[in-house]
A.B. asks: 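Quick one: this structure, given as structure tokens, is what I'll be asking you about.
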Amino acid sequence: MANFEVVREDKGEISVLNVHGYLDAHTAPDFENALTKLLQENRFKIVVNLNGLQYISSAGLGVFMGFIEEVRENSGDIKLAEVSQKVFKVFDLLGFPSLYEFYEKASEAIVKFTN
Amino acid sequence: MANFEVVREDKGEISVLNVHGYLDAHTAPDFENALTKLLQENRFKIVVNLNGLQYISSAGLGVFMGFIEEVRENSGDIKLAEVSQKVFKVFDLLGFPSLYEFYEKASEAIVKFTN
Amino acid sequence: MSDKKTNAVSKKNNSFRLKLPANSENLDIIRKFVSGIAENIGFNEEEVYQIELAVDEACANIINHAYKNDNMPTEKIIHVTVRTRKDRIEVKIADKGVGFDPESLETPDMDRYLRERKQGGLGVHLIKTLMDEVKFHIKPGVRNEVKMVKYLQK
Amino acid sequence: MSDKKTNAVSKKNNSFRLKLPANSENLDIIRKFVSGIAENIGFNEEEVYQIELAVDEACANIINHAYKNDNMPTEKIIHVTVRTRKDRIEVKIADKGVGFDPESLETPDMDRYLRERKQGGLGVHLIKTLMDEVKFHIKPGVRNEVKMVKYLQK
Ligand SMILES: Nc1ncnc2c1ncn2[C@@H]1O[C@H](COP(=O)(O)OP(=O)(O)O)[C@@H](O)[C@H]1O
Ligand SMILES: Nc1ncnc2c1ncn2[C@@H]1O[C@H](COP(=O)(O)OP(=O)(O)O)[C@@H](O)[C@H]1O
């Protein structure tokens with residue numbers, strides 16, 4: 001089903017992944033592939049714009065966990081932006097805000113990298 | 001399920017019914033009620049704006065059939081506007097375009113009444 | 001879009017079953033069930049609508065006609081079975097209600113129909129128009145089934 | 001919104017069943033099935049998400065773990081049964097796979113979990129957090145079931 005999509009936008013050394021739809025055990029590999037590709041290109045400054053994300057399950061949360069270590073070891077970060085209240089509650093339930101930075105706007109997350 | 005809605009807008013002696021969502025055997029009575037109310041108020045110049053209609057089944061088509069006669073006997077009409085291609089195909093399959101006028105824009109249907 | 005691997009999985013022979021009460025509020029659940037499967041095996045948006053609509057009409061008929069007789073002891077239920085094959089979707093919709101004689105239904109004359117402003121009587125006609133194969137098996141009180149098939153276009 | 005009459009219908013005791021192949025592409029169909037029912041009996045948007053998520057986690061576990069043993073002769077299927085009561089929804093999710101010992105699962109220490117950047121191991125914890133009652137009945141190869149209940153808020 002065409003129910004998940006990642007669209008990448010590079011802005012200088014920062015990459016924004018715009019995710020849309022439903023991120024579950026079926027679609028998590030697509031998101032994983034997008035992140036793997038960034039790391040292969042040595043791009044470690046990553047903003048994930050969750051504006052279009054309607055749903056996330058633990059399989060989707062696991063993808064974030066699988067990359068954060070390598071990204072930070074390379075002086076990068078994965079910053080999250082524009083998450084809906086509904087989806088944020090799932091991140092929050094599992095304590096993600098203590099490990100990841102969340103921003104209201106993707107542009108704010110980008111600014112944080114350029115500072 | 002909150003999957004169907006009719007919003008009425010009166011413009012002089014013309015009434016526009018904006019329908020949204022799924023019009024099936026479950027929600028057809030809601031649409032029927034909206035039309036019954038117009039007829040009770042002697043409002044016979046009716047534009048149904050189908051812009052937000054995502055789905056129609058024969059139960060929905062039957063509602064149009066149930067009112068057209070009385071409306072026309074009272075020098076009125078039910079004109080349809082802004083139907084998506086997908087939904088139009090169902091109307092078309094059953095020959096509705098020979099009985100009802102379809103317009104690209106609700107404003108065009110309104111103009112037809114004022115001429 | 002799904003990747004190729006999962007498409008390969010979904011194109012195998014699979015079978016899906018749904019059983020629920022014959023209430024009109026459940027039409028939405030039934031349509032989503034069938035449209036999800038139809039999408040997964042590669043029907044396009046227009047075809048998915050056609051399949052949804054045919055299934056909706058058959059289920060609306062069960063809701064409106066099958067359990068009219070209030071003396072019937074059976075639970076008022078709808079059974080939907082979907083089988084996917086490489087080249088087609090097969091949907092069986094069944095009830096345990098009063099049954100009917102599908103042979104006795106006339107094909108509506110749409111011109112006359114529209115002229116006379118009838119309501120209803122279109123469901124079975126729509127099903128036959130939208131699907132490639134339609135068959136009825138009627139056993140009143142036991143199992144009244146309509147089986148409909150639609151082929152994937154090459 | 002549905003009118004009062006239909007709400008009255010849906011609040012009666014009803015039972016819904018779904019049976020389908022244990023493929024991840026079907027998670028979407030399962031979620032829509034369950035969320036449709038939950039919406040109809042009056043759960044709000046946040047609660048519907050919670051129910052969907054709990055069901056998704058249980059089904060993803062079946063897909064990932066239940067039929068690992070390729071020698072198993074059984075069809076790889078998921079059974080979902082939903083019962084609605086005036087005050088609650090009950091969902092049973094079952095497989096015929098290898099089974100597991102739910103008692104042996106530790107409650108994840110989220111601090112440590114996050115520190116060690118683990119992936120996975122959150123599903124059952126999430127189910128227990130999101131639903132009001134959770135019970136397991138395990139019979140490997142026959143029927144492994146998780147039953148979860150959520151109450152409507154007054
Ligand atoms: N599942 C069913 N159980 C009993 N009768 C049915 C069933 N399906 C169809 N019918 C009968 O076939 C007739 C034609 O159905 P249809 O073409 O859908 O038109 P409508 O439902 O609007 O009357 C119905 O009026 C009903 O008598
Ligand atoms: N239906 C099932 N069949 C077999 N094993 C299961 C099932 N559900 C859960 N398990 C077992 O319970 C463990 C914990 O599940 P969970 O908390 O969802 O984490 P994860 O699936 O990420 O490992 C799984 O690793 C698996 O061993």
Side-chain angles (χ1 to χ4, degrees), chain B residues 1-5 20-33 35-36 39 46 50 53-74 76-78 80 83-102, chain C residues 20-35 38-39 43-66 78 93 105 107-131:
Chain B
M1 218 170 298
N3 58 2
F4 182 73
E5 211 189 3
H20 300 271
Y22 294 74
L23 183 49
D24 64 7
H26 187 59
T27 57
D30 292 350
F31 184 41
E32 215 158 50
N33 290 343
L35 283 165
T36 302
L39 269 57
I46 303 169
L50 302 169
L53 191 72
Q54 295 184 55
Y55 177 88
I56 192 164
S57 74
S58 74
L61 297 168
V63 177
F64 288 97
M65 297 305 282
F67 289 87
I68 190 68
E69 191 142 11
E70 186 177 347
V71 164
R72 291 203 180 142
E73 280 167 1
N74 287 280
D77 196 16
I78 301 177
L80 310 188
V83 63
S84 72
Q85 246 209 318
K86 197 166 98 170
V87 171
F88 179 73
K89 283 194 169 137
V90 183
F91 282 103
D92 196 32
L93 196 66
L94 296 175
F96 272 59
S98 72
L99 194 59
Y100 296 87
E101 296 168 15
F102 286 80
Chain C
L20 35 61
N23 293 337
S24 64
E25 65 176 351
N26 294 331
L27 286 171
D28 197 49
I29 292 169
I30 298 167
R31 285 197 305 267
K32 284 178 181 159
F33 166 70
V34 174
S35 63
E39 266 176 63
F43 283 102
N44 67 32
E45 202 188 336
E46 185 181 344
E47 292 161 336
V48 170
Y49 190 116
Q50 294 172 338
I51 295 164
E52 264 186 83
L53 180 53
V55 168
D56 177 323
E57 297 294 338
C59 293
N61 276 345
I62 294 176
I63 293 160
N64 289 329
H65 308 296
I78 299 176
I93 296 160
L105 302 178
T107 304
D109 171 343
M110 284 314 300
D111 280 347
R112 229 189 88 204
Y113 181 92
L114 292 169
R115 239 184 299 118
E116 297 177 0
R117 280 110 174 117
K118 284 206 207 163
Q119 286 182 64
L122 294 180
V124 173
H125 172 63
L126 267 174
I127 296 169
K128 290 181 181 166
T129 309
L130 297 166
M131 302 297 277

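When reading the values below, keep in mind they use all heavy atoms of this one structure, side chains included, and skip hydrogens, waters and symmetry mates. The sequence lines fix the lettering, A, B, ..., with proteins before strands; numbering per chain opens at 1.
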A.B. asks: Heavy atoms only: give me the nearest B/Ile56-C/Tyr49 pair and the separation to one decimal.
C.D. replies: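 B/Ile56 and C/Tyr49 have their closest heavy atoms at N-OH, 2.8 Å.
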A.B. asks: Could you give the distance from CD (C/Glu57) to CG (B/Asp24), rounded to the nearest 0.5 Å?
C.D. replies: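 It comes to 9.5 Å.
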A.B. asks: With sequence neighbours excluded, what pairs up with B/Lys89 under the side-chain hydrogen bond (donor to acceptor under 3.5 Å, both in side chains) test?
C.D. replies: C/Glu46
A.B. asks: What distance do B/Leu94 atom CG and C/Thr129 atom OG1 have between them, rounded to the nearest 0.5 Å?
C.D. replies: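 So the gap between those two atoms works out to 7.5 Å.
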A.B. asks: When you look at CD of C/Glu45, are more than 12 heavy atoms from neighbouring residues, nucleotides or ligands closer to it than 6.0 Å?
C.D. replies: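 Open.
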A.B. asks: How far apart are the closest heavy atoms of B/Ser58 and C/Leu53, and which atoms are they?
C.D. replies: N-CD1, 4.5 Å
A.B. asks: By a 4.5 Å heavy-atom criterion (distance strictly below it), what part of C/Gln50 contacts chain B: side chain, backbone, both, or neither?
C.D. replies: neither
A.B. asks: Hey, mind stepping through C/Ile63 and B/His26 against side-chain contact (heavy atoms from CB on, under 4.5 Å) and telling me if it holds?
C.D. replies: CA-CA 10 Å; C/Ile63 293 160; B/His26 187 59; over 6 Å; no
A.B. asks: Could you tell me which non-hydrogen atom of C/Leu27 sits nearest to which non-hydrogen atom of B/Ala25, and how far apart they are?
C.D. replies: CD1-CB, 3.7 Å
A.B. asks: How long is the gap from CG on C/Asp28 to OH on B/Tyr55, to the nearest 0.5 Å?
C.D. replies: 9.5 Å
